[in-house]
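This structure is a prediction, so every number in the text was calculated from the model and none was measured. So that the names make sense, note that chain A is the first sequence line, chain B the second, and so on, each numbered from 1.
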Number of protein chains: 2
Amino acid sequence: MLDNLTEMLKGVLEGCVLEIISRNETYGYEITRQLNALGFADVVEGTVYTILIRLEKSQLVDTTKKPSDMGPPRKFFALNDAGREELQKFWGKWEFVSSKMNELKERN
Amino acid sequence: MLDNLTEMLKGVLEGCVLEIISRNETYGYEITRQLNALGFADVVEGTVYTILIRLEKSQLVDTTKKPSDMGPPRKFFALNDAGREELQKFWGKWEFVSSKMNELKERN
DNA sequence: ATCCGCTACTATGTGTTACTATGTAGTGGT
DNA sequence: ACCACTACATAGTAACACATAGTAGCGGAT
């Protein structure tokens, strides 16, 4: 129905991942499932993993590997201080853009 | 303060331009000014012109050139039926993403 | 024993997009 | 003559989501 969200997700998906991680230390596969459950049904693992690697390189997250009884070992991600700061900045930006968009939409 | 909105504007800026055009037949330079006034202060003409050319190629707008007494002739843009449909789709997508984002943000 | 499905991670390449930078050109004021 | 403002155009860049493919562990069914 609302065919392709890809472009609109640019710049917000990373924030979503940060938010999800901030709630609970978690791992890529699970994050993908949560995003899908949220409604972003077309988001695939490849996308999430590239985001996670980016977050790791930017040193916004700490990682630990833990065994799983359901498959291969899981790489858990947790926000560090820089990550929490980035998350706050993200919501600030979202609030700004989102308010401006609604302003534009409602104005007549 | 909220340093770089670039990535978050991807996918929404085109919709903003569509919305602005839908209100009044207008031209690139003026659209840029309106976006700046809205709060998207860093959006520059080059960005808007590429969007306008894209809209033209996608046949979402009709164009007419009109002389100006303030400078070079202006290229006016107006939405056609396809453009109006696209605009509606855009707001549908925005509504969806935006609601999901707020759901994610508020949930605790 | 073998295959399949699910879990879980990694890597390479592609298309789209906003932005940078630069150039052209018309008008009016000083 | 010069400059600021108006107005449009375009080649190149960086960042991002996504496509695609591969590797690998585990459990259940055939």
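Regarding contacts with the backbone of dT17(C), a side-chain N or O of Arg54(B) is found under 4.0 angstrom from either OP1 or OP2. One finds no side-chain N or O of Tyr27(A) lying less than 4.0 angstrom from the OP1 or OP2 phosphate oxygen of dC9(C). For Lys75(B) and dA9(D), the shortest distance from a side-chain N or O to OP1 or OP2 is below 4.0 Å. Residue Ser68(B) places at least one side-chain N or O closer than 4.0 Å to OP1 or OP2 of dA7(D).
Ile53(A) places its CD1 atom 11 Å from the P atom of dC9(C), with the value rounded to the nearest Å. Rounded to whole angstrom, the span from the CG atom of Leu5(B) across to the P atom of dA14(D) amounts to 21 Å. In this structure, OH of Tyr49(A) is placed 17 Å from C1' of dT12(C), rounded to the nearest angstrom. One interatomic measurement links the two molecules: CE of Met8(B) to P of dC19(C), which rounds to 13 Å at whole-angstrom precision. Whole-Å rounding puts the Asn36(A) CG to dC6(C) P distance at 14 Å. Straight-line distance from the CG atom of Asn4(B) to the P atom of dC19(C): 8 Å, rounded to whole Å. One interatomic measurement links the two molecules: CD of Glu45(A) to P of dA11(C), which rounds to 15 Å at whole-angstrom precision. Residue Leu13(A) contributes atom CG, which lies 10 Å from atom C1' of dC18(D) at whole-angstrom precision.
Between Arg33(B) and Gly46(B), the residue anchored nearer the 5' end of DNA chain D, judged by the nucleotide with its closest heavy atom, is Arg33(B). Residue Gly71(B) is the one, among Gly71(B) and Ile51(A), whose nearest nucleotide of DNA chain D lies closer to the 5' end (criterion: closest heavy atom).
Using modelled atom types, no side-chain atom of Ser58(B) and backbone atom of Leu60(B) make a donor-acceptor pair closer than 3.5 Å. Side-chain atoms of Tyr49(A) come within 3.5 Å of backbone atoms of Tyr29(A) as a donor-acceptor pair (strictly under, hydrogens ignored). A donor-acceptor contact shorter than 3.5 Å links the side chain of Lys93(B) to the backbone of Asn4(A). Between the side chain of Thr47(A) and the backbone N or O of Val43(A) there is no donor-acceptor pair closer than 3.5 Å.
Considering only the side chain of Arg74(A), dC9(C) comes nearest among dA17(D), dA19(D), dC9(C). The listed nucleotides are dC19(C), dA8(C), dT17(C); the one nearest the side chain of Glu14(B) is dT17(C). Looking at the side chain of Leu9(A), the nearest of the listed nucleotides dT7(C), dC19(C), dC18(D) is dC18(D). Closest to the Val43(A) side chain, of the nucleotides dT6(D), dT7(C), dC18(D), is dC18(D). For Met70(A), taking side-chain heavy atoms from C-beta onward, the closest of the listed nucleotides dT7(C), dC19(C), dT10(C) is dT7(C).
Using a 4.0 Å heavy-atom cutoff across all strands shown, Asp42(A) reaches no nucleic acid atom at all. Using a 4.0 Å heavy-atom criterion, one finds that Thr47(A) contacts the bases of the nucleic acid, with or without backbone contacts as well. In this structure, Leu52(B) reaches neither bases nor backbone, as no heavy-atom distance under 4.0 Å exists between it and the strands shown. Among the atoms of the strands shown, only primed sugar atoms or phosphate atoms (P, OP1, OP2) are found under 4.0 Å from some heavy atom of Gly28(B).
In this structure, Glu19(A) CD and Leu38(A) CG are separated by 10.0 Å, a value rounded to the nearest 0.5 Å.
Side-chain atoms of Lys10(A) and base atoms of dT16(C) include a donor and an acceptor less than 3.5 Å apart.
Cation-pi geometry between Lys75(B) and Tyr27(B) is not met: the NZ or CZ atom fails to fall both under 6.0 Å from the ring centre and inside 45° of the normal.
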